[in-house]
Protein chains: 2
Amino acid sequence: MTTIKDIARRANVSDATVSRVINNSPNVKPQTREKVNKAIEELNYYPNSLARGMRSKKTHSIGLLLADITNPFYAETAKTIIERAGNHGYSIILCTTNNDISEQQKYIDVLLQRKVDGFIFASVHWKDPSLSAVIEAGLPYVLYNRKTSAYKRSNYVVLDNELGAYLAVEHLYKLGHRRIALIRGPHTFSTGKERSNGYLKALKEFGLSHDEKLIVQGKYSGKESYDSAMKLFNSNKPPTAIFASNDLMALRAYDAALFCGLSVPRDVALVGFDDIEIASHRAIGLTTVSQNRNLMAEIALDTLRKIIENESPQEPAQVVLKPMLTVRETCGSQMKKI
Amino acid sequence: MTTIKDIARRANVSDATVSRVINNSPNVKPQTREKVNKAIEELNYYPNSLARGMRSKKTHSIGLLLADITNPFYAETAKTIIERAGNHGYSIILCTTNNDISEQQKYIDVLLQRKVDGFIFASVHWKDPSLSAVIEAGLPYVLYNRKTSAYKRSNYVVLDNELGAYLAVEHLYKLGHRRIALIRGPHTFSTGKERSNGYLKALKEFGLSHDEKLIVQGKYSGKESYDSAMKLFNSNKPPTAIFASNDLMALRAYDAALFCGLSVPRDVALVGFDDIEIASHRAIGLTTVSQNRNLMAEIALDTLRKIIENESPQEPAQVVLKPMLTVRETCGSQMKKI
DNA sequence: AGACAAAATGTAAACGTTTACATAATACTA
DNA sequence: TAGTATTATGTAAACGTTTACATTTTGTCT
């Protein structure tokens with residue numbers, strides 16, 4: 001391993017000067033800089049991040065905690081974050097929690113040991129004690145997509161989920177649907193809760209009765225939503241439309257509908273949430289609540305970077321983005337006459 | 001920050017003893033161990049990974065380089081790797097290269113500075129000089145999915161892509177198809193090349209003429225495959241079946257077919273490669289070459305871990321897994337009579 | 001040319017561990 | 001019980017940087 005000392009010896013300067021060159025310190029004679037760079041080149045030297053971090057208390061690494069990287073929503077936002085971080089000299093340590101708080105806790109501990117400069121969470125629960133370790137350590141963090149009740153002064157960037165859900169149901173209502181079901185996401189997450197709220201709000205506003213039979217459970221990934229949709233279709237008064245709390249769930253419902261021999265949208269209309277890539281495929285054509293994912297991820301990263309680099313304990317950045325409805329084929333323009 | 005010294009003082013032992021406790025060294029009196037653990041508990045101490053890595057030359061971190069995390073194939077394998085690594089005390093630093101060699105080179109440099117214990121690559125090109133830095137540094141690495149010609153003695157775990165493609169074309173042939181097109185992946189990757197080879201081999205074997213007009217270009221992600229499929233459909237002798245080099249490309253072709261008013265599989269049959277999650281959705285039903293992704297990712301990680309932990313420079317581990325064809329709806333069981 | 005300010009460089013400590021080696025405590029043997 | 005082997009603990013150096021401070025060099029002004 002060639003170290004800063006080797007360079008120093010070769011260039012006939014002190015370690016400190018080499019360090020100055022590496023760090024682009026202004027006060028170094030151009031001639032010296034050149035000498036040092038030459039030695040660096042010749043010996044194929046690159047600095048040791050561990051030693052740097054050890055001394056300077058900055059590792060230029062960020063912990064990113066996601067529920068599930070196979071959910072396209074997270075994959076796409078992670079991509080944005082990783083690339084943007086890389087462009088600014090930060091590396092991303094990626095951890096996936098499977099929505100398990102104790103997993104998250106475990107990863108937070110690991111990342112604290114690794115001395116990350118900050119955290120980005122897209123994995124928090126509404127009740128989530130695990131952030132306390134981060135806060136005690138005094139490390140900056142930003143939440144995206146999901147908020148938590150545990151720390152009101154968190155930095156976050158989220159969507160107006162209630163509005164999104166409202167728009168979805170409104171659309172269905174205007175198409176003539178009156179029996180609109182909800183496959184709700186887990187209420188242990190702000191997204192699940194808020195989207196359910198938006199659904200209920202719309203029902204009330206349009207004078208539709210709140211029928212508990214039309215509300216079924218789902219998880220954001222996995223097969224549960226499929227079974228829940230089946231339950232809806234097999235009930236004695238099935239819905240004419242379904243709003244699902246995310247696209248993955250909507251796709252499961254779609255799958256279940258096809259299994260039941262139902263046609264979408266003729267027999268049942270479908271709206272999802274997230275606008276993942278596949279939603280726009282012509283074989284799917286999922287109507288969905290869309291959000292500017294890139295923007296969300298960008299804001300999350302930039303906010304964190306600003307906090308890390310300024311160290312200024314300003315007011316928490318709390319951004320709420322507005323969703324819009326992207327209309328495709330799964331709702332049709334007419335509802336089936338019953 | 002509470003350090004090992006604080007613990008030592010509190011427990012009335014030396015730093016070395018604390019270190020021994022932390023590292024589960026055998027030679028420490030149970031009573032002492034308890035004393036130390038108590039102090040650790042009380043002061044809420046956790047060791048500093050940077051300092052550890054600095055001294056012990058092991059960071060328990062692994063660099064994972066992928067082309068594109070939004071491709072479900074990579075997302076799913078990454079998930080497996082991240083989780084499995086976490087279970088063994090390793091953290092994953094994730095980098096995405098967008099199939100750009102210079103990006104890859106850049107990330108390799110960063111990861112070398114960060115003193116990762118090893119690399120996992122699913123991003124290598126067939127001609128790929130960027131690994132040389134890893135090899136010079138003497139760090140272990142494992143390739144998965146793609147091989148490279150640059151280093152014959154690399155550890156890798158890949159699929160028998162040629163066989164996979166052959167199976168796909170064979171299936172189409174047996175269904176009666178004689179004009180079978182290929183949307184080929186970039187030949188700058190082993191996967192693209194090998195899958196094309198399998199296609200050609202099958203053509204030859206079944207006595208089908210090799211028609212260059214039936215072979216079009218695609219990239220593994222992005223819209224290019226859509227345009228290429230359009231070209232096929234708009235030609236004066238369109239194919240009755242298409243084999244695409246991965247599922248994402250097959251989905252693009254599917255989309256293009258629908259845009260052209262073609263029915264799948266009545267007007268055109270479709271086979272993909274990878275068997276990503278959405279392929280099994282009933283609205284899609286993509287026939288595809290499937291592989292045991294979990295297995296591939298598991299082997300990749302376990303192989304790397306073994307090398308890291310044994311340090312033994314054995315024979316390179318070179319694993320080739322066998323694919324199988326998963327038949328769904330996009331081929332039908334009959335071809336259209338022309 | 002001399003005095004002073006500014007710029008460039010050097011020195012050495014510090015960051016928080018692990019580890020080779022030395023030493024002390026304990027257990028075992030005859 | 002003395003002598004020895006074994007186990008437990010301590011000491012101090014080392015890992016490769018950065019940085020506060022000290023020192024030297026260079027430049028500016030009269």
Side-chain angles (χ1 to χ4, degrees), chain A residues 1-37 39-40 43-61 89 109-117 137-138, chain B residues 1-37 39-40 43-61 89 109-117 137-138:
Chain A
M1 255 251 35
T2 125
T3 80
I4 214 172
K5 285 197 179 34
D6 301 318
I7 305 301
R9 203 169 311 125
R10 177 132 183 161
N12 224 357
V13 296
S14 70
D15 319 4
T17 299
V18 177
S19 175
R20 287 186 192 103
V21 170
I22 294 171
N23 294 290
N24 287 312
S25 167
N27 288 344
V28 42
K29 202 151 64 167
Q31 183 186 341
T32 313
R33 187 181 298 276
E34 206 174 325
K35 242 188 345 185
V36 171
N37 279 328
I40 288 177
L43 297 186
N44 189 26
Y45 165 79
Y46 49 88
N48 180 324
S49 295
L50 298 180
R52 291 185 120 174
M54 173 112 225
R55 181 63 230 246
S56 69
K57 307 283 178 200
K58 287 279 172 233
T59 57
H60 287 269
S61 59
D109 290 347
V110 170
L111 292 169
L112 286 173
Q113 294 194 193
R114 289 193 183 276
K115 301 294 166 188
V116 294
D117 293 340
Chain B
M1 256 250 34
T2 125
T3 80
I4 213 171
K5 286 196 178 33
D6 302 318
I7 305 301
R9 204 171 310 125
R10 179 130 181 164
N12 224 358
V13 296
S14 71
D15 318 5
T17 299
V18 177
S19 174
R20 287 185 192 101
V21 171
I22 294 171
N23 294 289
N24 285 312
S25 168
N27 289 343
V28 41
K29 202 152 65 169
Q31 183 184 341
T32 314
R33 187 182 299 277
E34 207 175 327
K35 239 184 355 181
V36 171
N37 279 328
I40 288 178
L43 297 186
N44 188 25
Y45 165 80
Y46 49 90
N48 180 324
S49 295
L50 298 180
R52 291 184 120 176
M54 173 113 227
R55 182 63 231 244
S56 69
K57 307 286 179 195
K58 287 279 173 231
T59 58
H60 287 267
S61 59
D109 290 347
V110 169
L111 292 169
L112 286 174
Q113 296 193 190
R114 288 192 182 277
K115 301 293 165 190
V116 293
D117 293 341

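Note on naming: letters A, B, ... go to the chains in the order of the sequence lines (proteins, then strands), and numbering restarts at 1 for each one.
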Spacing between [X] atom [atom1] and [N] atom [atom2], to the nearest angstrom:
| X | N | atom1 | atom2 | answer |
| --- | --- | --- | --- | --- |
| K115(A) | dT18(D) | NZ | C1' | 17 Å |
| M54(B) | dT17(D) | CE | P | 7 Å |
| H60(B) | dT17(C) | NE2 | P | 15 Å |
| K29(A) | dA6(C) | NZ | C1' | 14 Å |
| N24(B) | dT18(C) | CG | P | 12 Å |
| D15(B) | dA13(D) | CG | P | 13 Å |
| I40(A) | dG16(D) | CD1 | C1' | 14 Å |
| I22(A) | dT19(D) | CD1 | C1' | 14 Å |

Have a look at [X] and say if it touches a base, only the backbone sugar-phosphate, or nothing, with a 4.0 Å heavy-atom cut-off.
| X | result |
| --- | --- |
| K5(A) | base |
| S19(A) | base |
| N48(A) | sugar-phosphate |
| T32(B) | sugar-phosphate |

Below 4.0 Å: OP1/OP2 of [N] and any side-chain N or O of [X]:
| X | N | answer |
| --- | --- | --- |
| S14(A) | dG10(C) | yes |
| Y46(B) | dT17(C) | no |
| N27(B) | dA8(D) | yes |
| K57(B) | dG16(D) | yes |
| K58(B) | dT17(C) | no |

- Nearest-nucleotide comparison on DNA chain C, the residue closer to the 5′ end among V13(A) and R20(B): V13(A)
Hey, could you give me the [atom1]/[atom2] distance between [X] and [Y], rounded to the nearest 0.5 Å?
| X | Y | atom1 | atom2 | result |
| --- | --- | --- | --- | --- |
| M54(B) | K115(B) | CE | NZ | 9.0 Å |
| I4(A) | N48(A) | CD1 | CG | 10.5 Å |
| I22(B) | R33(B) | CD1 | CZ | 11.0 Å |

- N/O donor-acceptor pair, side chain R55(A) with base dG16(C), under 3.5 angstrom: no
- Give the nucleotide from the list dT9(D), dG16(D), dG16(C) with an atom nearest to the side chain of M1(B). dG16(C)
- Query: T17(A) side chain: which of dG10(D), dT18(C), dT9(C) is closest?
  - Reply: dT9(C)
- Say whether, by atom type as modelled, one donor and one acceptor occur between the side chain of T17(B) and the main chain of V13(B) under 3.5 angstrom. no
